[in-house]
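These values consider heavy atoms only, across backbone and side chains, with no hydrogens, waters or symmetry-generated copies. A note on names: the letters A, B, ... follow the listed sequences, proteins ahead of strands, and every chain is numbered from 1.
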Protein chains: 2
Amino acid sequence: MATKGQSSVRQTRDAEATKAEILAAAEEEFARFGFAGAKTDAIAARTGVTKAMIYYYFGSKDELYKAVLERPAADFANAFADLDLEHLPPEEALKTVIRVAIAHEMSHPYYGRILLHEAMENQGKYFHLTGWDNPINRVVALVERGIEDGRFRPVDPWLVVNHTMGICTFYFNAQPNMRNVRPEFEWFTPEAIERFTESAIALVLAGIKADA
Amino acid sequence: MATKGQSSVRQTRDAEATKAEILAAAEEEFARFGFAGAKTDAIAARTGVTKAMIYYYFGSKDELYKAVLERPAADFANAFADLDLEHLPPEEALKTVIRVAIAHEMSHPYYGRILLHEAMENQGKYFHLTGWDNPINRVVALVERGIEDGRFRPVDPWLVVNHTMGICTFYFNAQPNMRNVRPEFEWFTPEAIERFTESAIALVLAGIKADA
DNA sequence: TAGTCAACTAACGAGTTAGTTAATTGTTGA
DNA sequence: TCAACAATTAACTAACTCGTTAGTTGACTA
């Protein structure tokens, strides 16, 4: 995947495949270095085509960056749209949200980092492109429903959502640092992720459930 | 602070002040753009001295970056070293940890972002310079003690520490994104931070306390 | 008060980076 | 089969960026 920049002539011509290849390479590069730190030459080197293709298909580094932000947004929004949170008991709905969010981090390992770079260096200017507003608002509404039902304590639902997002993302985003503190631990085996998921669910649900 | 690059001649000569000024400017720049995205010219422009002073005092961009990582490390380690966690009841000790961690985020607004950049773009290579291992290990030990005492559920103490760090940091690091979802909210007033702190403490403590 | 040195500046050079362009080659439909 | 067009490349440019260097200046000291 990363060792293909050598071959000087493309075997087949496939515009869609080339665009997808550029997007995938750009996602990796932007996830690691942010917008300013990412180099278009490095993105091109990760693909089988030349840098000019970036400009042919995307026009500019900035437009490429926006395209990278927009793409997996749809993935997550769709995965979330399929969930019928509104008809589940609030506890079950929140468990599902945490499960899906962590599974999404696993299946889209670069996306959370890109969002953090966007926040840190770009002050969230393009965050609206990601379509996250809607899922977040739905989870807030879900917590509010749990409070009204008397299942949850009278917490601040926005803060609970913040806490939950922090729990679900920190494990992934800070892992390269935390690995130094716990060098022997395997972070991304299916078993480790399952234990992490269950621990996150247990902490959040016990943390907000109404007193008996 | 940022509009001082014009004055071509320095009024006073003060090596320590100049070094500190460069470090502060570098911290802002690295926090926003990471290592690759930060420009030495931009760092110099934030100070009252020229770029050559960076190389005069720090030798290279890389050495400057390491100096930035090392500096507030001491602040936090010291603040933490003063806490007598080992002689408090585990609940009280954990409350204190969360309070101090959030206060540290408020008083060092750039530091958490630098650590995230370090994880994302540098894979935590220099994380050992920050001296965080020790505080983290102390909190893990504290949770273990709470479990042994029967005050906490038999949770995985490492995961609890991960969750807690996620809660304490996400509010700050992702705020430029979350602001878009909640545009009317004031995130950093003393009252908002106090509510956030209490909510974080309540969630974590309720989340891990032993069943009655 | 003349000498000395740390602190500092302006300007530059080598290498890098975003973006462009002219030419080339594969593909497709009539 | 071939013209027209889409996809692609190599080579290029202008601007930027890291790091260096030759020279300047304020302050302290003998």
Side-chain angles (χ1 to χ4, degrees), chain A residues 3-30 32-69 117 121-122 126, chain B residues 2-30 32-68 117 121-122 126:
Chain A
T3 55
K4 215 176 154 230
Q6 295 87 329
S7 69
S8 64
V9 177
R10 202 109 213 265
Q11 286 83 354
T12 60
R13 293 183 166 203
D14 183 338
E16 288 310 309
T18 299
K19 268 197 262 188
E21 201 183 355
I22 291 170
L23 274 174
E27 188 177 323
E28 280 186 58
E29 183 80 2
F30 286 132
R32 177 152 185 200
F33 297 108
F35 179 78
K39 314 298 175 197
T40 55
D41 283 312
I43 293 170
R46 287 178 189 268
T47 70
V49 294
T50 60
K51 183 176 54 153
M53 287 295 94
I54 293 173
Y55 293 89
Y56 182 67
Y57 286 117
F58 295 97
S60 69
K61 188 184 178 187
D62 199 69
E63 289 298 316
L64 175 62
Y65 178 70
K66 289 201 260 180
V68 167
L69 277 178
H117 279 295
E121 95 170 85
N122 215 9
Y126 293 144
Chain B
T3 55
K4 213 172 156 235
Q6 295 86 330
S7 69
S8 63
V9 177
R10 200 109 214 265
Q11 286 83 355
T12 60
R13 295 185 166 202
D14 185 337
E16 289 310 309
T18 299
K19 267 196 263 189
E21 199 182 357
I22 292 170
L23 274 175
E27 190 177 320
E28 281 186 57
E29 183 80 3
F30 286 133
R32 177 151 184 202
F33 297 108
F35 179 79
K39 318 293 178 201
T40 55
D41 283 309
I43 293 170
R46 287 178 189 268
T47 71
V49 294
T50 60
K51 184 177 53 157
M53 287 296 96
I54 293 174
Y55 293 90
Y56 183 66
Y57 286 117
F58 297 97
S60 68
K61 188 184 179 186
D62 199 70
E63 289 298 317
L64 175 62
Y65 178 71
K66 288 201 260 180
V68 167
H117 279 295
E121 96 170 81
N122 216 9
Y126 293 143

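The side chain of B/R13 has C/dC8 as its nearest neighbour among D/dT8, D/dG19, C/dC8. Of the candidate nucleotides C/dA7, C/dG19, D/dA7, C/dA7 has the atom lying nearest to any side-chain atom of B/Y56. The A/Y57 side chain lies nearest to D/dA7 when the options are D/dT25, D/dA7, C/dC8. Nearest nucleotide to the B/D41 side chain, out of C/dT20, C/dA7, D/dC18: D/dC18.
Between B/L23 atom CG and B/I43 atom CD1 the span is 10.0 Å, to the nearest 0.5 Å.
Nucleotide D/dC18 holds its P atom 8 Å from the CD1 atom of B/I43, rounded to whole Å. What separates NZ of B/K19 from P of C/dC8 is a distance of 11 Å, to the nearest Å. One atom, NZ of A/K39, and another, P of C/dA18, lie 6 Å apart when rounded to the nearest Å. Note: CZ (A/F58) to P (C/dT20) measures 16 Å, nearest angstrom. Separating the CD1 atom of B/I54 from the P atom of D/dG19 is a distance of 10 Å, rounded to the nearest angstrom. Spacing between atom CG of B/L64 and atom C1' of D/dG19 amounts to 13 Å, rounded to whole angstrom units. In this structure, CE of B/M53 is placed 12 Å from C1' of C/dA10, rounded to the nearest angstrom.
Remark: B/S60 is not in phosphate contact with D/dC18, judged by side-chain N or O atoms under 4.0 Å from OP1 or OP2. Considering only side-chain N and O atoms, A/T40 lies nowhere under 4.0 angstrom from the phosphate OP1 or OP2 of C/dT17. Contact annotation: B/T50 does not reach the phosphate of C/dA10 (side-chain N/O to OP1 or OP2, under 4.0 Å).
For A/K51 against C/dA18, a side-chain N or O and a base N or O form a donor-acceptor pair under 3.5 Å. Scanning atom types as modelled, no donor and acceptor separated by under 3.5 angstrom connect the side chain of A/K61 and the base of C/dG19.
With a 4.5 Å cut-off on side-chain heavy atoms, A/F58 and A/K19 count as touching. In this structure, A/Y57 and A/L64 have side chains that are not in contact, with every pair of non-hydrogen atoms separated by 4.5 Å or more. Two residues are said to be in side-chain contact when any heavy atoms from C-beta on lie closer than 4.5 Å; A/K61 and A/F35 meet this criterion.
In this pair, A/F30 and A/Y65 present their aromatic rings perpendicular. The plane angle is above 60°, beyond the 30 to 60° band.
Using a 4.0 Å heavy-atom distance criterion, A/A38 is classed as a sugar-phosphate-only contact. Residue B/A36 is classed as having no contact, given no heavy-atom separation below 4.0 Å to the nucleic acid.
Place B/A52 and A/Y55 on DNA chain C by their nearest nucleotides, and B/A52 ends up nearer the 5' end. Where B/F35 and A/E16 meet DNA chain D, the nucleotide closest to each residue was compared, and A/E16 sits on the side nearer the 5' end.
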